[in-house]
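What follows is a set of notes on a single structure, which appears directly below.
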Protein chains: 2
Amino acid sequence: MDPQQLRTFVAVVDHRSFSAAAQALGYTQSAVSQHVASLETDLEAPLLTRRPVAPTEAGERLLEHARPLLLRLDAARADVARLRQVRPGRLAVACTPGTLTPATALALVRARSAAPQLAVSVRVCGRTEAVQSVLTGGADLALVDGAVAATDPLPLPDAGPLTAFPISEEPLAVLLPAAHPLVGRPTLRLADLAVARWIDAADAAVPLAELRAAAQSDGFGHQLTYTGTDVRGLSVLVAAGAGLTTAALSAAGDLPGVVAVPISEPRIVHRTELLHPRTPTTPAAELAATLRSAQSPR
Amino acid sequence: MDPQQLRTFVAVVDHRSFSAAAQALGYTQSAVSQHVASLETDLEAPLLTRRPVAPTEAGERLLEHARPLLLRLDAARADVARLRQVRPGRLAVACTPGTLTPATALALVRARSAAPQLAVSVRVCGRTEAVQSVLTGGADLALVDGAVAATDPLPLPDAGPLTAFPISEEPLAVLLPAAHPLVGRPTLRLADLAVARWIDAADAAVPLAELRAAAQSDGFGHQLTYTGTDVRGLSVLVAAGAGLTTAALSAAGDLPGVVAVPISEPRIVHRTELLHPRTPTTPAAELAATLRSAQSPR
DNA sequence: CATCCAGTATCAGCAATACTGATACTCATG
DNA sequence: CATGAGTATCAGTATTGCTGATACTGGATG
């Protein structure tokens, strides 16, 4: 099971085509066909149906392992590479939308002015992508948020050694349209909202799967899937009555047309965590120190 | 980064020798040397010091990834292979010493008599090995125990999809020699014992690292490391005053010369969990069902 | 300090492999 | 049934990966 072949296999599944995968990888179609055939004879199982190209049951199993394997291979390379370059001229931060608060923004500005020649970059993306960026060296630091029980850490994929540190913690709130009948309530219970219409915005808010896990409920049958990291756009949908979503309690203040009501039950918090490799670059370590000491402003 | 080369690299580190690794892997020493050289040029970093052979800093980093990678590769192969053989003539159980209780033993006996032609095997080993066995297909089922906060699951390496289910939960107890001054106490606080002499028996009892994590303490400077899975031998050492260790409260009844005193603080439990692949073999699923329904006898 | 030796690096040669390019095949579509 | 987009197969070639022989090197020994 050559990683090259696994990478080809994943590309074929993603492109749903041998020839498209070949083009994407810079191989000939013949090579791709041979890679897949080699995997199939090695594992003694058909991995793909052809025409249409789709993973078989065995292929699905392999996929569950192939993606993490390839990620970890990249992470390994990045981890070794980091040893050779401890003081780069850049500071790349990957963060999920919910983590960009006045406090974190201020820390970034300070880091910027403390080292003016530093190329500081901020990328807003989904949690998975942010974690992967730090693992594979695309970013030096990540800020990710999520909703979990107060004592639990955020669930992260285990693809390598990562240092995690809680930066801020505040109540989790439901975002309601301003005209919603529940707006007056001081708090809400999540279980009472399980049957409401929700928007599943995995990259812009807390994924519904996480709420389901935290509430230990089977509800949250979502009505609408929202792809992207634009919180503003999400709030417009909420205001228009497309469905509910969640956010940190303080995050709703500047969003028009929506009202945030804290969740009292179950005991869930919205937590932001700082992630970095075990040996961060010097500017990353400094920013991390700032963020750690600043902590939550409220 | 060819997995073959990673495997070679790991073998060299383990054997602390190129030639010994070559012999173990069935290669020539020349091939091993070339594997390592290839990795080093690929990663642009020296991975090993020669004479004595030891991993460099970069080598240590790579090792952190190489072992999990190789494990997951095996797990992937095993996961696909399992699809082809859902009803084997065997039932292999890997378990840690603390999980062999009357209840689990009884379930095994029942499984045995329910399917007399089944080759039932039980292997007692450390937790890591038990988990690896299930992942790589060496075992169909695993029983592992550990000490964690009541709401947390046991910490397991994330090398593939595994189903975990709590089987029994009971107070965690400290094993004291019968003559120990604290024997009379109804309960003990772990923090008060942080400075005591401990035996770190990672494969026969709860690893001290886990206690340290649970107690959020830096103590437990152990005096003695105990390798192996023989609980009886461990209890003899405890009785002789070599140090303390922990066990499930009920486990000390049949051990001579030692007394178990439950821990009241912090709120830790001794939990046994059942592990199996997402699609267990038929006999494994039946045994799992028995164990789940039996639950804790006390 | 010279010698020795266990162990690692290097090199040439050969066998196996991993691509490409051409071509045969095969299923879905009109 | 004809067509075409897409996959499988095959021969040929460049590359890789291993072995066996040999050169090299650092640490132990007297």
Side-chain angles (χ1 to χ4, degrees), chain A residues 1-60 62-63 66 69-70 73-74 76-77 80, chain B residues 1-60 62-63 66 69-70 73-74 76-77 80:
Chain A
M1 273 204 299
D2 174 21
Q4 198 93 329
Q5 293 180 350
L6 286 179
R7 194 154 264 148
T8 302
F9 171 66
V10 170
V12 169
V13 172
D14 287 346
H15 287 88
R16 279 179 286 277
S17 154
F18 283 52
S19 9
Q23 193 158 19
L25 296 171
Y27 287 133
T28 58
Q29 175 268 322
S30 173
V32 169
S33 185
Q34 288 174 44
H35 277 185
V36 174
S38 163
L39 279 176
E40 289 183 324
T41 55
D42 181 16
L43 296 173
E44 300 176 65
L47 298 174
L48 294 169
T49 63
R50 328 291 155 107
R51 224 151 3 179
V53 173
T56 63
E57 197 179 351
E60 293 282 6
L62 185 59
L63 269 182
L69 269 169
L70 295 172
L73 269 173
D74 291 344
R77 183 175 295 278
V80 174
Chain B
M1 272 203 300
D2 174 21
Q4 198 92 329
Q5 292 180 349
L6 287 179
R7 194 153 264 149
T8 302
F9 171 66
V10 171
V12 169
V13 172
D14 287 346
H15 287 89
R16 280 178 285 277
S17 154
F18 283 52
S19 11
Q23 192 157 19
L25 296 171
Y27 287 133
T28 58
Q29 174 267 323
S30 172
V32 169
S33 184
Q34 289 174 43
H35 276 184
V36 173
S38 163
L39 280 175
E40 289 183 325
T41 55
D42 181 17
L43 296 174
E44 300 177 62
L47 298 173
L48 295 169
T49 63
R50 328 291 154 108
R51 220 154 0 189
V53 173
T56 63
E57 198 179 348
E60 293 283 5
L62 185 59
L63 267 183
L69 270 169
L70 295 172
L73 270 172
D74 291 345
R77 183 176 295 278
V80 174

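Within every chain, numbering begins at 1; the chains are lettered A, B, ... in the order of the sequence lines, protein sequences first and strands thereafter. Values below: every heavy atom of this structure, side chains too, minus hydrogens, waters and symmetry copies.
Applying the salt bridge (charged side-chain N to carboxylate O under 4.0 Å, His left out) test to pairs two or more places apart or on separate chains, those with a residue in residues 11-24 of chain A are A/Asp14-A/Arg67. Within the structure, salt bridge (charged side-chain N to carboxylate O under 4.0 Å, His left out) contacts touching residues 33-43 of chain A (residues at least two apart or in different chains) are A/Glu40-A/Arg50, A/Asp42-B/Arg77. The salt bridge (charged side-chain N to carboxylate O under 4.0 Å, His left out) pairs that include a residue from residues 20-37 of chain B number zero, where partners must be two or more places apart or lie in different chains. Residue pairs satisfying the ring pair (Phe, Tyr, Trp, His ring centres under 6.0 Å) criterion with at least one member in residues 2-25 of chain B, sequence neighbours excluded, are absent.
Every residue two or more places apart in sequence or in another chain was checked for a side chain to side chain donor-acceptor pair (under 3.5 Å) with A/Thr49, and none qualifies.
Of the residues in residues 31-47 of chain B, those lying under 4.0 Å from DNA chain D by heavy-atom distance are B/Ala31, B/Gln34, B/His35. A heavy atom lying under 4.0 Å from DNA chain D marks the following residues of residues 51-58 of chain A, by number: A/Arg51, A/Val53. Of the residues in residues 1-23 of chain B, none lies under 4.0 Å from DNA chain D by heavy-atom distance.
The base of D/dT7 lies outside donor-acceptor range of the side chain of A/Ser30, with no N or O pair under 3.5 Å.
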Less than 3.5 Å apart, which donor and acceptor atoms pair up between the side chains of residues 20-33 of chain A and the rest of the protein, not counting sequence neighbours?
from	atom 1	to	atom 2	distance (Å)
A/Tyr27	OH	A/Gln4	NE2	2.6
A/Thr28	OG1	A/Ala31	N	3.3
A/Ser30	OG	A/Gln34	NE2	3.0

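Scanning both residues, B/Ala76 and A/Leu62, for their nearest heavy atoms gives CB-CD1, 4.3 Å. Here the closest non-hydrogen pair linking A/Leu70 and A/Pro3 is CD2-O, 3.8 Å. When all heavy atoms of A/Ser19 and A/Ser17 are compared, the closest pair comes out as N-OG, 3.2 Å.
C/dA6 atom P lies 14 Å from atom CD of B/Gln29, rounded to whole Å. Atom CZ in A/Arg50 sits about 13 Å away from atom C1' in D/dT9, given to the nearest Å.
Regarding contacts with the backbone of D/dC18, a side-chain N or O of B/Tyr27 is found under 4.0 angstrom from either OP1 or OP2.
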Test side-chain contact (heavy atoms from CB on, under 4.5 Å) applied to B/Leu6 and B/Leu39, step by step: CA-CA 8 Å; B/Leu6 287 179; B/Leu39 280 175; 4.3 Å; yes
